[in-house]
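Remember, it's 1-based here, ligands and their atoms both numbered in the order they're listed.
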Amino acid sequence: MATEESNGGKNASSKPPPEPSPLRRAKYFKANMRILVTGGAGFIGSHLVDKLMENEENMVIVADNYFTGSKDNLRQWFDHPRFELIRHDITKPLLVEVDKIYHLACPASPIFYKYNAVKTIKTNVIGTLNMLDLLSEILLTSTSEVYGDPLVHPQTEDYWGNVNPIGVRSCYDEGKRVAETLMFDYHRQHGIGNCSPSFIAYVSARSILNTSNWYNSIKVPNCMKWFNRNTDRKIFNTYGPRMNIDDGRVVSNFLAQAIRDEPLSVQLPGTQTRSFCYVADMVDGLIRLMEGDNTGPINIGNPGEFTMLELAETVKEMINPAIEIIKVENTPDDPRQRKPDITKAKELLGWEPIIKLQDGIPLMEEDFRKRIGIPRK
Ligand SMILES: NC(=O)c1ccc[n+]([C@@H]2O[C@H](COP(=O)([O-])OP(=O)(O)OC[C@H]3O[C@@H](n4cnc5c(N)ncnc54)[C@H](O)[C@@H]3O)[C@@H](O)[C@H]2O)c1
Ligand SMILES: O=c1ccn([C@@H]2O[C@H](COP(=O)(O)OP(=O)(O)O[C@H]3OC[C@@H](O)[C@H](O)[C@H]3O)[C@@H](O)[C@H]2O)c(=O)[nH]1
């Protein structure tokens with residue numbers, strides 16, 4: 001240890017401050033904004049990664065357990081020096097130092113989220129806690145399902161919803177509601193305002209000290225508060241290329257059925273409505289929210305509203321006019337209507353969707369035909 005004596009009697013404080021390391025000027029040191037995308041191997045996540053990778057200042061880390069996602073969706077980035085892929089289940093803590101988190105990990109198709117309901121709710125609750133404990137700016141992709149079977153139409157962000165807490169969909173919609181609560185409790189308790197880059201050293205220190213136990217056992221210093229600008233976004237039904245062909249959601253089901261010459265299965269009564277947003281519009285909205293100063297929640301979705309029968313007619317007309325439309329049993333608690341009020345997104349983010357359903361379906365059809373292996377006749 002340097003003493004006054006070993007310093008030749010000089011007071012250490014009279015020394016000039018050390019020069020910053022020359023590494024600070026190195027390309028990757030100064031340029032990169034480290035961004036974690038949980039669920040980045042999934043449908044929306046992989047499109048988000050593509051967009052984030054376009055910015056040379058971003059280093060993108062994906063954490064995914066591949067339950068509904070696939071490495072194939074990220075193949076184009078495997079050897080890229082600004083990209084990392086980690087097989088990781090977010091119900092377990094993850095030690096990474098990042099500046100921003102897009103927190104998407106969660107099965108989104110009703111078939112898959114009901115398959116292991118306990119795991120789904122753990123992903124939403126424990127997984128979100130684990131991500132919040134990284135003390136970074138974080139954006140949660142919540143869902144229009146938090147409005148349940150809505151009694152307010154179209155849905156505004158201040159509507160509290162009409163959700164069955166013990167139904168088969170609860171693992172997802174109640175799970176996301178708890179995730180939203182956690183986001184806002186962390187925000188109120190530990191965080192206000194924007195991320196300040198000058199405090200990055202504290203983020204680094206955290207991962208050495210280990211995450212949640214350390215975090216829970218100390219009084220969070222004021223500087224930590226700057227990191228926790230949590231943003232919450234309620235996503236409405238999204239569609240586009242790279243959806244799992246057997247995903248089970250309505251647009252992917254109808255497209256795959258139409259391409260395979262199978263009848264379109266409209267679940268009863270067929271008059272229930274949804275609003276469909278093309279994935280590129282969705283990704284644009286997510287990035288705008290993260291880059292802006294708003295906390296949310298903010299609805300992101302396309303307000304164009306269709307009954308499922310109308311959707312089936314549209315797909316039939318555009319892809320395969322010869323196929324039949326049949327009615328099949330529905331599942332419990334299916335919301336009867338859903339349409340976002342996007343006034344807040346327009347005013348605060350300058351965002352609104354630009355791709356109409358009629359323009360988005362052919363883009364998705366092209367991708368599905370390639371993967372199913374049935375070209376257009
Ligand atoms: N697509 C939509 O219409 C829609 C609508 C509302 C909200 N959202 C939300 O957007 C997000 C992405 O949806 P998507 O349509 O891309 O779904 P997706 O199923 O294609 O992607 C989810 C990804 O999360 C991963 N994942 C699931 N559980 C995980 C866990 N425990 N640990 C790590 N990774 C895990 C999956 O493997 C997958 O890659 C989800 O949070 C979903 O709730 C989607
Ligand atoms: O083959 C099908 C599949 C679904 N449907 C109907 O289509 C409607 C939409 O069903 P989906 O399974 O695509 O999606 P849901 O709107 O029920 O849930 C979705 O909501 C938003 C997101 O959080 C999730 O992506 C998903 O949970 C429902 O009314 C369903 O009954 C059909 O008519 N036929």
Tell me, which protein residue and heavy-atom name are nearest atom 22 (C) of ligand 1, and how many Å apart are they? C106 O, 3.2 Å
At the 4.0 Å heavy-atom cut-off, does K122 count as touching ligand 1? no
At a 4.0 Å threshold, what atoms of ligand 2 neighbour a non-hydrogen atom of T143? 21 (C), 22 (C), 23 (O)
Suppose we measure from atom 7 (C) of ligand 1 to each protein heavy atom; which comes out shortest, and what is that distance? S142 O, 3.3 Å
With atoms numbered from 1 as shown, which atoms in ligand 1 lie under 4.0 angstrom from a non-hydrogen atom of P107? 27 (C), 28 (N)
For atom 15 (P) of ligand 2, which of the options K176, R338, K327 provides the nearest non-hydrogen atom? R338
Contact check: F236 vs ligand 2, nitrogen or oxygen atoms, below 3.5 angstrom: no
Which residue supplies the protein heavy atom nearest to atom 29 (C) of ligand 1, what is that atom called, and how far is it? N65 OD1, 3.3 Å
Ligand 2 to Q267 polar contact by distance, N or O atoms, under 3.5 Å: yes
Sidechain N-carboxylate O distance under 4.0 Å for D334, R169: yes
Would you call the rings of Y147 and F236 parallel, tilted or perpendicular if under 30° counts as parallel and over 60° as perpendicular? tilted
Ligand 2 contacted by R169 (non-hydrogen, < 4.0 Å): yes
Salt bridge R371-D72, side-chain N to carboxylate O under 4.0 Å: no
Is the contact between I90 and ligand 1 made by the side chain, the backbone, both, or neither, using heavy atoms and a 4.0 Å cut-off? both
Looking only at distance, does N237 have an N or O less than 3.5 Å from an N or O of ligand 2? yes
Ligand 1 contacted by M282 (non-hydrogen, < 4.0 Å): no
Residue, atom name and distance, where the atom is the protein heavy atom closest to atom 14 (P) of ligand 1: A108 CB, 3.9 Å
Y66 and ligand 1 - part of the residue with a heavy-atom distance under 4.0 Å: backbone
May I ask whether G127 places a heavy atom under 4.0 Å from ligand 1? no
Identify the protein heavy atom lying closest to atom 44 (C) of ligand 1, giving its residue, its atom name and the separation to 0.1 Å. I44 CD1, 3.8 Å
Can you list the ligand 1 atoms lying under 4.0 Å from a non-hydrogen atom of Y172? 7 (C), 8 (N), 42 (C), 43 (O)
Please check whether K119 reaches ligand 1 - meaning an N/O of the residue sits under 3.5 Å from an N/O of the ligand, judged on distance alone. no
Going by the closest heavy atom to atom 27 (O) of ligand 2, which one wins out of E329, E145, K114? E145
To check your reading of the model: name the closest protein heavy atom to atom 20 (O) of ligand 1, its residue, and the distance in Å. F43 N, 2.9 Å
Heavy-atom distances under 4.0 Å are what count here, so tell me which part of M243 touches ligand 2: side chain, backbone, both or neither. neither
Are H88 and ligand 1 in contact, using a heavy-atom cut-off of under 4.0 Å? yes
If I apply the N/O under 3.5 Å rule, does S109 come out as touching ligand 2? no
Between the side chains of W351 and D281, is a donor N or O closer than 3.5 angstrom to an acceptor N or O? no
N/O separation below 3.5 Å, D64 to ligand 1: yes
Measure the distances from the heavy atoms of Y113 to every atom of ligand 1 and state whether one is below 4.0 angstrom. no
Of all the non-hydrogen atoms in the protein, which one sits nearest to atom 3 (O) of ligand 1, and at what distance? T238 N, 2.8 Å
Ligand 2 versus N330: contacting region, heavy-atom distance under 4.0 Å: side chain
In terms of atom number and element, which parts of ligand 1 are under 4.0 angstrom from non-hydrogen atoms of R249? 1 (N), 2 (C), 3 (O), 15 (O), 17 (O)
Part of M308 with heavy atoms under 4.0 Å of ligand 2, whether side chain, backbone, both or neither: side chain
Ligand-side contact atoms (ligand 1) for residue partner G69, heavy atom cut-off under 4.0 Å: 36 (C), 37 (O), 38 (C), 39 (O)
Could you tell me whether D359 atom CG has more than 12 heavy atoms of other residues or ligands within 6.0 Å of it? yes
